[in-house]
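A short write-up of the structure that comes next.
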Amino acid sequence: MEQRIATITRTTKETDITATINLDGSGKSNIDTGIGFFDHMLDGFARHGLFDLELTCKGDLHVDSHHTIEDCGIVLGEAIKKAVGDKKAIKRYGNFILPMDETLILCAIDLSGRPYFVSDVQYTVPKIGELDTEMINDFFYAISYSAAMNLHFKQLAGVNNHHIAEGSFKAFAKALDMATMHEERLGEAVWSTKGVL
Ligand SMILES: [Mn+2]
């Protein structure tokens, strides 16, 4: 099987980011975004999706966290898109309902080639550690657009904001792992009536 590894580097006046993802990894990660809680979330994403992920970001955190988090989403989405490649023989759809104590988060993905993002996940505090909670949906929105995926989140339950955030990143990891898995019965085919995704 071809290696499904991709590296993306993106440099602007606001951020300098390099990300490498291996879709067929073992959950190893090396993350440094300058935002501790965000690193914790991306570490959980790699571990629970069994992706290997290296991501470093030098962002303008003296302004605020907006550029760093949004741009990390853009770059991670581009890396996922490149690593998935021609989408031959992948399951395409993935979903997971992830419990974390009182929290329950549903994530559903279609690697359709068409970006669309829907989420009703809500936070009741402005910050978790140094992460601005309003940026979490912006992060996933950026991924859905740059990876050209349809991405849905439903918050089925949740009180603790740390759990809601972590449940979302882990549910996304599990759903993406499922969507990127190979389906042997497809042979070399792409799972679409159109023949391409
Ligand atoms: Mn945690």
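Numbers here simply count residues along the sequence, with the first being 1. All ligand and atom numbering here is 1-based and tracks the order in the structure.
- Take the Mn ion (ligand 1) and draw a sphere of radius 2.8 Å; the protein N/O/S atoms inside it number 3.
- By the ring pair (Phe, Tyr, Trp, His ring centres under 6.0 Å) test, His40 pairs with Phe37, His162, sequence neighbours left out.
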Please list, one pair per line, the donor and acceptor atoms closer than 3.5 Å that link side chains of residues 105-117 to other protein atoms, with sequence neighbours excluded.
unit_1, atom_1, unit_2, atom_2, d
Asp110, OD1, Arg92, NE, 2.7
Asp110, OD1, Ser112, N, 3.4
Asp110, OD2, Arg92, NH2, 3.2
Ser112, OG, Arg114, N, 3.1
Ser112, OG, Arg114, O, 3.2

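- Using a 4.0 Å cut-off between a side-chain N of Lys or Arg and a carboxylate O of Asp or Glu, Asp24 and Arg4 qualify as a salt bridge.
- Salt bridge status for Lys82 with Glu78: absent, with no side-chain N to carboxylate O gap under 4.0 Å.
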What donor-acceptor contacts under 3.5 angstrom involve side-chain atoms of residues 189-197, with partners at least two apart or in another chain?
unit_1, atom_1, unit_2, atom_2, d
Ser192, OG, Lys194, N, 3.0
Ser192, OG, Val196, O, 3.4

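- Between Phe153 and Phe172, the ring planes lie tilted relative to each other; the angle falls in the 30° to 60° range.
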